[in-house]
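Note sheet for the following structure.
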Amino acid sequence: MSSPRIIPSPNIWHWPRVYEAENRAQDIDGRIPAALKRIAPWEGATVVDVGCGSGFHLPEFAATAARVVGVEPHAPLVRAARARTASLDNVEIVDGNAESLPLDDASADVVHARTAYFFGAGCGPGITEAMRVLRPGGTLVVVDLDVSASPYGDWMRADLPKYDCAAVEAFFDAEGFSLERVDTRWQFDSRETMRAVLGIEFTERTATRAARSIPGLGFDVRYRIHWRRRPAGLVT
């Protein structure tokens, strides 16, 4: 049997400190967690964060969840996530990936992935795994960037001209996912930090053009939240 795919992250794997600054700047109004709490409430639940990276989002889940499991394939990030959550008794970090989750069947209420692995066609094995570990009635929530929206989507399309946003959305629709778009604001503490973040997300040419187009310390970014529930009845 072939080994599960491990897809290297082009940003956090190589620039974890800059990515930490990016995480702090993202969604300063908290619109994504507000939407997630409505779509897949996790109070008293078991949450699995697939591709948890350095564990940035785990403390927020852990504040009200019964149990939180961060799954991450990159050893330096596993260590960073464990260090971040060392004082949280209800958090566990495991070495694993989306296509082979080290979790029992029907052991989670929410499987969450944010800009990790689930990028459309080709992520079917990860969806199958998420459905396996979800309890009946549980929810897989996939948070990704909406490449159709300006300005962030314009910069992404400049670097990824073959990325077909409509095809990705059609894939998730065909797989039985619902969709919600969430408009957010990224806000940085300095232009130096903002420029560094743009530099790990885009080519130098696009990052330079993007920085020149931003008059202040922030810009708008739209996300897509795709979610799918595991049926609670006999149908699977």
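Everything quoted here is computed from the prediction, not taken from an experiment. Sequential numbering from 1 along the given sequence is applied to the chain's residues.
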Legend entry - M131 and R228: CA distance, side-chain angles, deciding distance, side-chain contact (heavy atoms from CB on, under 4.5 Å) verdict: CA-CA 9 Å; M131 291 299 122; R228 175 178 160 185; 3.9 Å; yes
Legend entry - Criterion side-chain contact (heavy atoms from CB on, under 4.5 Å) on R31 and D183, from CA distance to verdict: CA-CA 8 Å; R31 293 182 178 179; D183 289 305; 4.2 Å; yes
Inset, instruction - Run the numbers on R185 and D220 for salt bridge (charged side-chain N to carboxylate O under 4.0 Å, His left out), then give the verdict. - result: CA-CA 5 Å; R185 180 80 177 168; D220 296 331; 3.1 Å; yes
Legend entry - Pair M156-Y163, side-chain contact (heavy atoms from CB on, under 4.5 Å): steps then yes or no: CA-CA 9 Å; M156 286 191 68; Y163 181 88; 5.9 Å; no
Inset, instruction - Test R229 against S178 for side chain to side chain donor-acceptor pair (under 3.5 Å), laying out the working first. - result: CA-CA 9 Å; R229 304 197 199 287; S178 299; over 6 Å; no
Inset, instruction - Start with the C-alpha distance between T115 and D144, add both sets of side-chain angles, then the distance that settles side chain to side chain donor-acceptor pair (under 3.5 Å), and finish with yes or no. - result: CA-CA 5 Å; T115 60; D144 202 1; 5.9 Å; no
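Atom CG of D89 sits in a sparse spot, with 12 or fewer heavy atoms from other residues, nucleotides or ligands closer than 6.0 Å.
A 4.5 Å side-chain heavy-atom check between P151 and V221 finds every atom pair outside the cut-off. Inter-residue side-chain proximity for R224 and V143 is flagged as unmet; no heavy-atom pair is nearer than 4.5 Å. Taking the side chain as every heavy atom from C-beta outward, V94 and E92 approach each other to under 4.5 Å. A 4.5 Å side-chain heavy-atom check between I225 and L179 finds every atom pair outside the cut-off. The closest side-chain heavy-atom distance from R157 to V147 is below 4.5 Å. Looking only at side-chain heavy atoms (C-beta outward), T184 and Q26 stay at 4.5 Å or farther from each other. Counting heavy atoms from C-beta on, the side chains of D146 and C165 come closer than 4.5 Å. With a 4.5 Å cut-off on side-chain heavy atoms, F202 and R209 do not count as touching.
In this structure, CG in D164 is found 11.0 Å from OG in S148, a value given to the nearest 0.5 Å.
Nearest heavy atoms, R222 versus A149: CB-CB, 3.6 Å. Annotation for S107 and T46: closest pair O-CG2, 3.5 Å, computed over non-hydrogen atoms. Taking both residues in full, the closest heavy atoms of W13 and P73 are given as CZ2-CG, 4.4 Å, listed atom of the first, atom of the second, then distance. For the residue pair L134 and R230, the shortest heavy atom distance occurs at O-NH1, 2.6 Å. The two residues P10 and W15 make their nearest non-hydrogen contact at O-CZ3, 3.3 Å.
Classification of R132 and E129 as a salt-bridged pair holds, one side-chain N sitting under 4.0 Å from a carboxylate O. One finds no salt bridge joining E22 and R17 here, because no Lys/Arg side-chain nitrogen approaches an Asp/Glu carboxylate oxygen to under 4.0 Å. The existence of a salt bridge linking E169 and R181 is confirmed by a sub-4.0 Å separation between a basic side-chain nitrogen and an acidic carboxylate oxygen. Under a 4.0 Å N-O distance rule, the pair D109/R135 qualifies as a salt bridge.
Residue pairs meeting the ring-ring contact (aromatic ring centres under 6.0 Å, His included) criterion with at least one member in residues 204-231, sequence neighbours excluded: W155-F219, F172-H226, W186-F219, F188-F219. Sorted pairs that involve residues 73-82 and meet side chain to side chain donor-acceptor pair (under 3.5 Å), not counting sequence neighbours, are lacking altogether.
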Pair up each side-chain donor or acceptor in residues 49-63 with any protein partner under 3.5 Å, not counting sequence neighbours, and list the distances.
unit_1, atom_1, unit_2, atom_2, d
D49, OD1, H112, ND1, 2.8
S54, OG, R84, NH2, 3.2

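With hydrogens and angles disregarded, no donor-acceptor distance shorter than 3.5 Å links the side chain of T193 to the backbone of D189.
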